[in-house]
Structures are given as C-alpha cells and as structure tokens.
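For reference, the structure discussed in these notes is given below.
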Protein chains: 4
Amino acid sequence: MTSSEGTRGGRRGNTRQRIQDVALELFVQQGYEKTSLREIAEHLDVTKAALYYHFKTKEDILIGLFEDLARPVDELIEWAKEQPRTLETKHEILRRYSAALAGAEGLFRFIQENQAAVRELRTGEDFKERMLRLLEMLREPDAALADQVRCFSALFSMHAGMFVLRDAESDPEEKRKAILEVATDLVTQANAGQGEKG
Amino acid sequence: MTSSEGTRGGRRGNTRQRIQDVALELFVQQGYEKTSLREIAEHLDVTKAALYYHFKTKEDILIGLFEDLARPVDELIEWAKEQPRTLETKHEILRRYSAALAGAEGLFRFIQENQAAVRELRTGEDFKERMLRLLEMLREPDAALADQVRCFSALFSMHAGMFVLRDAESDPEEKRKAILEVATDLVTQANAGQGEKG
Amino acid sequence: MTSSEGTRGGRRGNTRQRIQDVALELFVQQGYEKTSLREIAEHLDVTKAALYYHFKTKEDILIGLFEDLARPVDELIEWAKEQPRTLETKHEILRRYSAALAGAEGLFRFIQENQAAVRELRTGEDFKERMLRLLEMLREPDAALADQVRCFSALFSMHAGMFVLRDAESDPEEKRKAILEVATDLVTQANAGQGEKG
Amino acid sequence: MTSSEGTRGGRRGNTRQRIQDVALELFVQQGYEKTSLREIAEHLDVTKAALYYHFKTKEDILIGLFEDLARPVDELIEWAKEQPRTLETKHEILRRYSAALAGAEGLFRFIQENQAAVRELRTGEDFKERMLRLLEMLREPDAALADQVRCFSALFSMHAGMFVLRDAESDPEEKRKAILEVATDLVTQANAGQGEKG
DNA sequence: CATGAATGAGGTTTCATTCAT
DNA sequence: GATGAATGAAACCTCATTCAT
C-alpha cells in the first residue's frame, strides 16, 4: 500500500501521520515540554513551518494524538452501556480495555508520565472523564470504600503495568495476561465484597 | 526565634525552606518544566538572583526536595532489611510506607505526574531504585507473574490512590486506610499464591 | 454580465476585485502590516496561493488599490492645469476634491493611518507628489507663511475630517459640506492675505 | 553630567531611557510594526533579552513613550479646566499646546503616522480621549457644524503641520508661529460665528 | 543575603512566497 | 483559476544563568 516509495523519499499525503508518529515517540521519550518542534521537524527532515501547515499549534499535535486514542475507548464505553450490569460484563470490559491499551501503549505511557502537561488540555479533561465513566461501570456506587479502591486499582494497574514491568523477564503478551488476571480478580473481589457490606 | 543561628544547622535563615515550599507547590500545580524561576521568585517576593544564592541550579531545588523525601524511605528500607522476610513484615512495610506517603503527598504526586522530567535526574534514578528495593521486599522472585503484578500493584496504588480518589466522598484518613487495606490484601494474596505455583 | 470579457478590461472574473475589496477593508481596520495574506484569503474563502494568481506580491495588492484611487485625482489635476489660476478655480478644485474623497473614504483613511507603511512604497511617493501638486495649485508661492499653512490646512482637514468627526451628530453629507465650507474659507483668506504681504 | 563616561561605554542607569529614545527614532522612521526588537537592540548594542528586562513587551515600550507625552497634555487640560471659558483662554490653550507639541514632535509624528498600530492600544485610546477633551474646551457645543470643523481643524493642523511643511523654506520656529496663527484665527472665527447661528 | 542588569540559547509562532499539480 | 504542501526568514518572547555591587 505505501510501497510505491523509493522514487524520492515517499512523502506526500502521509506527512500528518508521520508528524504524529514522531511526536509521540519523542513526547514519550523526553516529555511534552522538553520536546521542541525543532526536534520533531529535524527527525522528519522538514522545516518547523511544515509542522504548522498540518497543525495549528504544538498543543494541536497532542490533541490529534489523543483523538486517535479516544475512539477505541469511546467505542468500548458505548458497547458497555448496552450490556447488563453483571460481573461477566465487567470482566469483558477489562478484557477489551486491556486489548485497547496494548494497541496504544506509547500514548498511554505518555499520558501517565506527563499528567502535568496533559492536565490543562481540554482534551486531557475529556480523557479523564472517559476514565471515570469506565470506572462507573466497574464499581457499585454504594460499595465499601475498599471495594471502590479495588476497582480503581484494577483500571490503574492496567495503565501502569505495561511499562513498569518493562524489564521483567517474560514476554509482553504474558505480562498483559497477568495484569488482566489481577485486574479481573480485583473487580471480582469488589463485587463479592458488595454483599458483605452493602 | 531566628536568633538561634550561629550554632549552624539550625535552618540558617528560612529562605531556603520557603523556596522549597513554594517550588514544590508550583511544580505540583504546573509541572517542573512549566514552572520558571521567575515565577518562584515572584511568589516569594525576591529576585531570581536570590534563588541562586541558595541553590546552584533549578535542578538543585528539585534535588533538595527529593532528599527530604528520600530520608524516610531510606529509613524504611534500612529497617526492613533487618527484619525477617515474613508476611507480617511485609504488612508492616506497607503500613509504614503508607504513613510516609501521607506526610509527603505533594512530592509524591509531583513525581507521579512528572516522571518525564524526573527520569533524567540522577536523583530521579535513585528514587526509582529505592522503589524497586521496596518491591523486592514484597515480592518473591520465583512467584507467578500474576503475583508479581499484585505486589507492584499494591505499591503503585498507594502512590496513585491519594489524589485520584481526591474528590471521593470520604475523608483522607479513611481513604488512606482503605487503600492500605487493599494493598495489604494484594500482598497477602501474592504470598498465598506462592504455594500454588512456586 | 461577466460575459463582456474578451474585450479585455472587463473585470475578467471578479475575484481580483473581491480581493481588493476585502484587502482594503482589512488594511483599514488593522493596518497594512498587521493584515496577513492568510487573513485575506480566509475572508474570501480561498487559499493564499489563489491570491498569488491575481497579485504577484502583497505590495501589489496595495498598488492596485492606489491605482484605482489615483485616477480621479489625476483627472482632477489634469483638468486644473488647463484652468486659469483664479480663486474660483481654486474653489472648484476643492469642490471636486471633496467629491473624490467622498467616493474613496476607506482608502484615504487607510493612507492617513498607515503613512509609515505607505511611505516606502513607490506608489506611496507618487501619491504624496500628487498631493503636493494639488497644494501648488491652491497656494501662491510668495504668499505669507501663514497663508501657505491655510492652504495646506484646507487640504489636510478634508482628509482627516471625514473620519474624525465620525461620531458627530449630523449626517455624512452635511458634514462633508461643512468641511468643504471651512476649506473654501481658508483658501479664500489665503488669497486675500496675498495682497497684504506679497 | 553624563560625562563620567569614557571608562567603558558609559551605560548604567540610563538604559531604559536609551531604549525609549532609539525605539522612538526607529518607530518614527519605519513605523511600529516594521521595527523589530532586534533592530532596536542592535542600535543600542545590547541583546534583545536586555530590552525585555526593562520592558515586558514591545507594546510596553510604546506605552512608556506615550506616558512621557501624556504628562504635559494632562497638565494643560488640568490648567484649562480652572480657567474661564473665554476666547482669550482658548487662545492660551492653543499657545500652550503648540509649545507642548514642539517638545515632542517625534512622538506626535509617530502617532499621526501609525494610527492603525496605536488604535488598539489602551494607551492609544487614552490619548484620543485627551484630544477630545481639548476639543471640548475649544468648541461651543451648539455652534454651527462649520464652526465645529474649524476648531477641530485648528487642533489637527497643529499636529500635522510640523512635519508636512518640513521641507518648507523657513525655520521651524517661524513655521510654528505661522501654524499657531492660523489655528488662533480658526478658533476666533468659530467663536464669532457663534453669534450668527446660535 | 540579595539585587539590578544583562546574556545566549532556544522556544513557539507567523509571514510572504513558491511550485508542482 | 486555484489548491496543497512546503520553505526560509524572522518575529516576539522566555528561560536559566552570571556577575559586579
């Protein structure tokens, strides 16, 4: 598909995407604030001005990245809204969320590590809201506080787990499964606890 | 009150402390990179140059903050090294760590949210290492992967929990207890799981 | 209506005209330097590149505007050159100039308010020269200095008057007449003064 | 007074003033927008950053210039408010205003030629208001429209006169007197006209 | 203990302009 | 007759840092 390159650099039409890719890479490596547009441009072998043709501001590049991520999560939320509020549904939410995360590890890591930068973005807020919507779907509002923590912990560990266990022995897919298992456990316990306290 | 100088060690002047306080506040609010020395100086109603009397560089301010935090954690590690490697010891580690966190919430939040900035600090590395040392003390090296995740999750949730549940109903002290409870649970399970797999 | 092309001179397309209209509007509102081609293009809902099809440079747009204005004034000068140098002729010059100004208020206001930008344009120089030619026709070279000032003042007030009295009560046409009256008075006095000194 | 130079450039303490001087010079020559801070800095043999130590923004330099000018005019207004509203007072206002203008020719010329840039400044508005206050003091509110124009014309010609007659033969002081004479005449006529129309 | 003045490097952004299609 | 993509130059501004006083 993108194989008709070779003639000359093979730009055209995909520059926007290339900018996003490089930007994400650098943002993850060095943080948003520490990454300058000059750097991004140099990596792409274009001028800074070219970036501004595709994105109105530096922040806009970030927003673009967020939007790409938002979609799968939105779809997950949409799907979840139509399901019965059973434990099995909750497990499926975790499974699907885990899959979504696997596909956008970089961005998630970036969000995790650059919350200070992300916080003041409108899109950052949107993202946080989505997160809370997901949390709503896992936890029971009148559960014990510890059970609330369990649900939150399940979600949060899925974010963090991927890159903190980075240097662990096993391969990524096994790691992902282990994390999902723990998260599922936590939610299960939270739901069981429900009966005890309610 | 400020006359007990001369003995040296006694907080000579208090500007240094005030700088750290204001800096931490701003670093937490806006992130490290986004906070300029000008801002810090203005908040303190001194000139930028005055900051340089007390700290050699901007990074030095950060390092100062870290050091204040490192001490309690170092003490905890020191203490733990001398304890038997029992489940009860692990629980006590969590208890003490939870207490330490409560006393330095701001700084922990800062670290959590500015990992990108912190990563390239020597001190940042030190801090991360300490974290791993703690993790070593909770987990059993040959446990199942999921159990490793549980231990990591316990530790990590303690960091994150404080400010993500920020707007939750209950008061901070109750929240802290709930988080500690979940963490303890996780470590307990991890240790039990041990038998099943090892 | 737009079919009378081919004869040439007949407004070929009307984009060129639209560009000039929008450009003048923005130049007047914000000044020449502060108005970017991007803005002009956006107001017209075309791309910047389209502007370059019609005008070779930004300055060319300005030159185009000037030319449209130059014609009536040139005609006035041409006409005046053939008239006897009487007071009545001078009055008629003022009358005609006042009429010309009424038809190009925007552009005149622009020139008045952007002299700094206009000064270094070749066309700007041309325009200033025209102004001086007009002044030559009103004043007598050996008149008293005060009378020279009167003639200059007459001309200048006509320029400025239109938009400085903008918020005055009366309607534009009455205002124009009042300004013309004062200008005529000034020139009359200048010519009477002639006898006293010459 | 500033003669202790010779040792080494002789800056210190007067940089702020020097910035304003150079800035005004360049603003007058090339216009506000066309004058870059780089240029100003180069003329002063300092870095751009030095400008920013003394003025928070480019606009601030302009505002500084305006303030220096505002004072004399404010004093004039203050003085005029306490005088009886006679023709003689009006003449004295013109005399004093003429003197004030002579002392700040550059700035006035700048304002005249950069209205587009000045318009959006808060300080620009202030200045315009002062002008109107002065106009109020010269004209009678119920006079004929032509007489209003005369008063405005008197004021306005004083602004413009100085530099438009620049290349006229006579020396500046004589020019100033001639302009003042015409302005005085115009105001006198405006006040006489008063009786005829009412 | 602290300030006032300045610097050098670099940041984001905007602009007029070009050119292949 | 117009667009999409890009460029080179330069704009304004901010930052961490230094140093004489």
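In this text the structure is predicted, and so the values were computed from the model without any measurement. A note on names: the letters A, B, ... follow the listed sequences, proteins ahead of strands, and every chain is numbered from 1. These values consider heavy atoms only, across backbone and side chains, with no hydrogens, waters or symmetry-generated copies.
- Rounded to whole Å, the distance from OH on D:Y53 to C1' on E:dG8 is 18 Å.
- Mapping C:T57 and A:E39 onto DNA chain E by nearest heavy atom places A:E39 closer to the 5' end of the strand.
- From A:Q20, atom CD reaches atom CG of A:L62 across 10.0 Å, with rounding to the nearest 0.5 Å.
- Stem analysis of DNA chain F (Watson-Crick or G-U pairs, both distances under 3.5 Å, runs of at least three) returns E:2-21 with F:2-21.
- A:H54 has a side-chain polar atom (N or O) that falls below the 4.0 Å cut-off from OP1 or OP2 of F:dA6.
- One interatomic measurement links the two molecules: CD of B:E33 to P of F:dT14, which rounds to 18 Å at whole-angstrom precision.
- Between E:dT3, F:dG4, E:dT7, one nucleotide has an atom nearer to the side chain of D:V46 than all others, and that is E:dT7.
- Looking only at distances, no side-chain donor or acceptor of D:K34 sits under 3.5 Å from a matching main-chain atom of C:E33.
- When each of D:E59 and B:Y32 is assigned the nucleotide of DNA chain F with its nearest heavy atom, D:E59 is the one assigned upstream, toward the 5' end.
- Checking each of B:N14, B:T15, B:D21 against B:Q17 for a side chain to side chain donor-acceptor pair (under 3.5 Å) leaves exactly one that passes, namely B:D21.
- The only option from B:I63, B:D60, B:L37 that meets the side-chain contact (heavy atoms from CB on, under 4.5 Å) definition with B:F55 turns out to be B:D60.
- Between the CG atom of D:N14 and the P atom of E:dG4 there is a distance of 17 Å, rounded to whole Å.
- Closest to the side chain of D:Y52, from the set E:dT3, E:dT12, F:dC12, is F:dC12.
- Following rounding to the nearest Å, D:F55 (CZ) and E:dA6 (C1') show an atom-to-atom distance of 15 Å.
- For C:L37, the side-chain atoms get nearest to E:dA16 when compared with the rest of E:dA16, F:dC13, E:dT14.
- Here the nucleotide nearest the side chain of A:K48, chosen from E:dT13, E:dA2, E:dG8, is E:dT13.
- The separation between A:E42 atom CD and E:dG10 atom P is 11 Å, rounded to whole Å.
- When the nucleotides F:dT7, E:dG10, E:dT7 are ranked by their closest atom to the side chain of D:A49, E:dT7 comes out on top.
- At whole-Å resolution of the value, CZ in A:R38 and C1' in E:dG11 are 9 Å apart.
- Proximity of a side-chain donor or acceptor of C:E39 to a complementary backbone N or O of C:S36 within less than 3.5 Å is detected.
- At E:dA5, none of the side-chain N or O atoms of D:T15 fall inside 4.0 Å of OP1 or OP2 (strictly under the cut-off).
- Spacing between atom NZ of D:K34 and atom C1' of E:dC15 amounts to 12 Å, rounded to whole angstrom units.
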